[in-house]
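A short worksheet on the structure shown next.
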Amino acid sequence: MRTPLIAGNWKMYKTVSEAGDLVEALLAGLGAVSDREVVVCPPFTALHLLSSLFAGTPIALGAQDVFYESQGAYTGAISPPMLRDVGCRYVIVGHSERRQYFGDDDAVVNRKLRAALAHGLRPILCVGETKPQRDAGTAEQVVVAQVQAGLADVGATQLPDVVIAYEPIWAIGTGDTATAADAQAMHATIRATLAALYTPELAQNLRIQYGGSVKPDNVDELMAQPNIDGALVGGASLKADSFLRIVHFRKRSML
Ligand code: PGA
């Protein structure tokens with residue numbers, strides 16, 4: 001059984017005081033979440049505050065990126081041990097915005113992912129195709145290659161700590177979600193890739209999130225797909241009511 005994982009990616013939004021206000025509202029409305037996991041990934045500057053606010057609550061803390069060295073002369077970088085120290089359990093690696101604006105290629109993403117695992121963090125590996133790639137019919141090929149490269153040299157014993165997030169780039173921040181059927185098809189392809197790289201059993205147990213304009217009005221249909229195990233939520237995670245509605249998505253049996 002895969003426990004659904006709903007993660008909010010706040011991107012470069014929220015000052016520390018705004019972050020505190022949002023978390024207060026989230027915790028006030030959260031209620032029981034025993035059958036699903038919730039993660040919030042704020043900007044680095046808010047990690048320390050959120051770590052103390054989330055203590056003893058069901059929400060886990062995640063970061064949006066990490067560098068692959070543990071320490072050293074790397075101006076501006078944050079290391080895996082630093083994220084552990086501030087209370088992070090998860091870290092996003094290879095988000096398309098990191099790939100696009102910060103030059104994170106597959107090799108860098110793989111180093112970040114392995115460094116995260118080596119220090120006890122659970123990496124959320126983001127993969128996804130562009131619109132031209134989808135239109136050209138190469139989406140599956142692109143995504144499979146990103147999964148393979150991102151997981152290079154990751155052993156079978158480490159795989160259970162990995163989460164994959166399929167985020168078609170054309171769906172991020174656009175309001176243009178993949179159809180539930182298209183997302184399901186890509187997730188099944190990713191799971192088959194994992195089965196070939198590792199074992200069918202490891203592939204069955206790994207969580208694959210969907211990301212890209214997940215909203216209160218489409219989350220239930222997405223989460224009803226058999227291979228969709230969670231959501232990575234950008235814009236809709238910035239307001240308590242929309243994120244809480246997504247966290248409380250209705251399971252297939254409840255629809
Ligand atoms: P979005 O972002 O929900 O605003 O489309 C998702 C993401 O980039 O993780």
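As a basis for the values below, the full set of heavy atoms in this structure was taken, side chains included, without hydrogen atoms, waters or symmetry mates. Because the structure is a prediction, the values reported are computed rather than measured. The first residue in the sequence is number 1, and the count goes up from there.
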> Between Phe249 and Arg36, is there a cation-pi geometry (under 6.0 Å to ring centre, at most 45° from the normal)?
Replying inline: yes

>> For Ala149, give me all partners under side-chain contact (heavy atoms from CB on, under 4.5 Å), at least two apart in sequence or on another chain.
In response: Asp106

> Rounded to the nearest 0.5 Å, how far does CD of Gln184 lie from CD1 of Ile208?
Replying inline: 9.5 Å

> Quick one: does Asn9's side chain have a donor or acceptor within less than 3.5 Å of a partner on His95's backbone?
Replying inline: no

> Would one find more than 12 heavy atoms of other residues, nucleotides or ligands at under 6.0 Å from atom CD of Glu18?
Replying inline: yes

>> Using only atom types and a distance under 3.5 Å, with no angle test, would you say the side chain of Thr138 pairs donor to acceptor with the backbone of Gln133?
In response: yes

> Is there a side chain to side chain contact (heavy atoms under 4.5 Å, CB included) between Trp10 and Ser237 once you walk through the steps?
Replying inline: CA-CA 7 Å; Trp10 289 3; Ser237 72; 3.3 Å; yes

>> Given 3.5 Å as the limit, does a donor-acceptor pair link the side chain of Gln225 with the main chain of Leu222, or not?
In response: no

> For Gly235, does its backbone N or O pair with a side-chain atom of Lys215 as donor and acceptor, under 3.5 Å?
Replying inline: no

> Can you name the closest pair of heavy atoms from Leu151 and Ile164 and give their distance?
Replying inline: CD1-CD1, 4.4 Å

> Can you tell which of Gln209, Arg191, His187, Arg207 makes a side-chain hydrogen bond (donor to acceptor under 3.5 Å, both in side chains) with Asp229?
Replying inline: Arg191

>> Nearest 0.5 Å, please: how far is CD in Glu201 from CG in Leu206?
In response: 12.5 Å

> In terms of heavy-atom contacts, does NE2 of His248 have more than 12 from other residues, nucleotides or ligands at under 6.0 Å?
Replying inline: yes

> Do Arg99 side-chain atoms and Cys126 backbone N/O form a donor-acceptor pair below 3.5 Å?
Replying inline: yes

> Which distance, rounded to the nearest 0.5 Å, do you find between the CG of Asp104 and the CG of Asp65?
Replying inline: 5.5 Å

>> Taking the side chain as everything from C-beta on, heavy atoms only, tell me whether Gln71 gets closer than 4.5 Å to Pro81.
In response: no

>> Please evaluate residues Arg98 and Asp105 with respect to the criterion salt bridge (Lys or Arg N to Asp or Glu O under 4.0 Å), reporting the C-alpha separation (whole Å), side-chain torsions for both, the decisive distance (0.1 Å), and the verdict.
In response: CA-CA 9 Å; Arg98 296 292 317 176; Asp105 60 15; over 6 Å; no

> Are the side chain of Ser242 and the backbone N or O of Ala236 linked by a donor-acceptor pair below 3.5 Å?
Replying inline: yes

> Roughly how far, to the nearest 0.5 Å, is CG of Leu5 from CD1 of Ile124?
Replying inline: 5.5 Å

> Residues in side-chain contact (heavy atoms from CB on, under 4.5 Å) with Ala116, at least two apart?
Replying inline: Val91, Leu121, Pro123

Side-chain polar contacts of residues 139-148 - donor-acceptor pairs under 3.5 angstrom, sequence neighbours left out - could you list them?
| residue | atom | partner | partner atom | Å |
| --- | --- | --- | --- | --- |
| Glu140 | OE2 | Thr189 | OG1 | 3.2 |
| Gln146 | OE1 | Gly128 | N | 2.7 |

> Does Glu167 use its side chain to pair, donor to acceptor, with the backbone of Tyr210 at less than 3.5 Å?
Replying inline: no

>> To check you understand the geometry: which heavy-atom pair defines the closest contact between Ala178 and Pro168, and what is its length?
In response: CB-CG, 4.2 Å

>> Salt bridge check, Arg2 against Glu37: does any charged N sit closer than 4.0 Å to a carboxylate O?
In response: no

>> I'd like to know if the side chain of Thr57 reaches the main chain of Ile59, judged simply by a donor and an acceptor atom lying under 3.5 Å from each other, with no hydrogens or angles considered.
In response: yes

> Looking only at heavy atoms, what is the nearest atom pair of Ala195 and Ala203, with distance?
Replying inline: N-CB, 3.4 Å

> Where do Val66 and Pro80 come nearest, in terms of heavy atoms and distance?
Replying inline: CG2-N, 3.4 Å

>> Between Ile92 and Leu159, is there shared hydrophobic-cluster membership here, with clusters defined by ILVMFWY side-chain heavy atoms closer than 4.5 Å?
In response: no

>> Would a single hydrophobic cluster contain both Val154 and Leu125, if residues Ile, Leu, Val, Met, Phe, Trp and Tyr are joined by side-chain heavy-atom contacts under 4.5 Å?
In response: yes

>> Taking Leu83 as the starting point, is it possible to reach Val16 by hopping between hydrophobic residues whose side chains are less than 4.5 Å apart?
In response: yes

>> Distance check, rounded to the nearest 0.5 Å: Leu61 atom CG versus Tyr90 atom OH?
In response: 12.0 Å

> How many angstroms lie between NZ in Lys239 and CD1 in Ile246, if you round to the nearest 0.5 Å?
Replying inline: 12.0 Å

> Does any N or O in the side chain of Ser96 come within less than 3.5 Å of the main-chain N or O of Ile169, such that one atom is a donor and the other an acceptor?
Replying inline: no

>> I'd like to check Tyr13 versus Pro43 (side-chain heavy atoms, cut-off strictly below 4.5 Å). Are they in contact?
In response: no

>> side chain to side chain contact (heavy atoms under 4.5 Å, CB included) for Leu232 and Tyr166? Distances and angles first, verdict last.
In response: CA-CA 9 Å; Leu232 184 53; Tyr166 168 57; over 6 Å; no

>> Could you walk me through whether Val38 and Phe243 satisfy the side chain to side chain contact (heavy atoms under 4.5 Å, CB included) test, starting with their C-alpha distance in whole Å, then the side-chain angles of each, then the deciding distance to 0.1 Å, before giving a yes or no?
In response: CA-CA 10 Å; Val38 186; Phe243 189 60; 4.0 Å; yes

>> Same cluster or not: Ile190 versus Trp170, using hydrophobic residues (I, L, V, M, F, W, Y) connected whenever any side-chain heavy atoms lie under 4.5 Å apart?
In response: no

> Is Asp135 salt-bridged to Lys131, cutoff N-O under 4.0 Å?
Replying inline: yes

> Do other residues, nucleotides or ligands put more than 12 heavy atoms under 6.0 Å from the CZ atom of Arg245?
Replying inline: yes

>> Which heavy atom of Gly20 sits nearest to which heavy atom of Leu53, and what is that distance?
In response: CA-CD1, 4.2 Å

> Is the backbone N or O of Thr177 less than 3.5 Å from a side-chain atom of Ser213, with the two atoms forming a donor-acceptor pair by type?
Replying inline: no

>> Are there over 12 heavy-atom neighbours, none belonging to Phe44, within less than 6.0 Å of that residue's CZ?
In response: yes

>> Please give me the minimum heavy-atom distance between Pro42 and Ala46, naming the atom from each residue.
In response: CB-CB, 4.0 Å

>> Would you say Val163 ends up clustered with Val127 if hydrophobic residues are merged whenever their side chains have heavy atoms under 4.5 Å apart, either directly or through other cluster members?
In response: no

> Can you list the steps and then say if Arg111 with Phe67 is a side chain to side chain contact (heavy atoms under 4.5 Å, CB included)?
Replying inline: CA-CA 8 Å; Arg111 287 185 78 176; Phe67 193 53; over 6 Å; no

